[in-house]
Amino acid sequence: DRGSVFTRTGKRSKTLGWVEEIRQIGKVTFIILRDETGKIQIKVNEKVKIKKEAAIFVFGAVKDEERAPQGKEIEAKKMNLLGNVEITLP
């Protein structure tokens, strides 16, 4: 349940949604994940090749991060691509 992610600081959680934004900083990838309840930042400790609007599943620990939207992020332990984007619209 994504609605409870923000109350699960320090615990593991799973969520799925669409990639809204991707940033690569060194070997770390930051993804803003969007679903019907809102957005959350995902931190992946490796470079990830993924397109905007791809559908993904993420499992990891929820932690406070003041630089993230809504002040929380999930540090991904597992991430699966559920559906890729064939054509990226302008």
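We use all heavy atoms of the structure for the numbers below, so side chains are in, but hydrogens, waters and symmetry mates are not.
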Out of the candidates Ile32, Ile56, Ile42, Val48, only one should pair with Val19 under the side chain to side chain contact (heavy atoms under 4.5 Å, CB included) rule; please name it.
Ile56
Heavy-atom pair of closest approach, residues Thr29 and Gln24:
OG1-OE1, 2.9 Å
Can you measure from CZ (Phe57) to OG1 (Thr15) and round to the nearest 0.5 angstrom?
8.5 Å
Is there a side-chain contact between Asp35 and Leu16 (heavy atoms, below 4.5 Å)?
no
Side-chain donor-acceptor distances from residues 74-85 under 3.5 Å, at least two apart:
| residue | atom | partner | partner atom | Å |
| --- | --- | --- | --- | --- |
| Glu75 | OE2 | Asn45 | ND2 | 2.9 |

Starting from Trp18 and following side-chain heavy-atom contacts under 4.5 Å between hydrophobic residues (I, L, V, M, F, W, Y), which residues can be reached?
none
Run through the side-chain heavy atoms of Ile, Leu, Val, Met, Phe, Trp and Tyr, join any pair under 4.5 Å, and report what else lands in Phe30's cluster.
Ile25, Val28
Partners passing side chain to side chain donor-acceptor pair (under 3.5 Å) against Glu20 (at least two apart in sequence or in another chain):
Arg34, Lys39
The test is salt bridge (charged side-chain N to carboxylate O under 4.0 Å, His left out); show your working for Glu53 and Lys51 and say whether it passes.
CA-CA 6 Å; Glu53 297 303 322; Lys51 294 181 181 178; over 6 Å; no
Pairs where residues 56-68 contributes a residue and the test side chain to side chain donor-acceptor pair (under 3.5 Å) is met, not counting sequence neighbours:
Lys63-Glu73, Asp64-Lys72, Glu65-Arg67
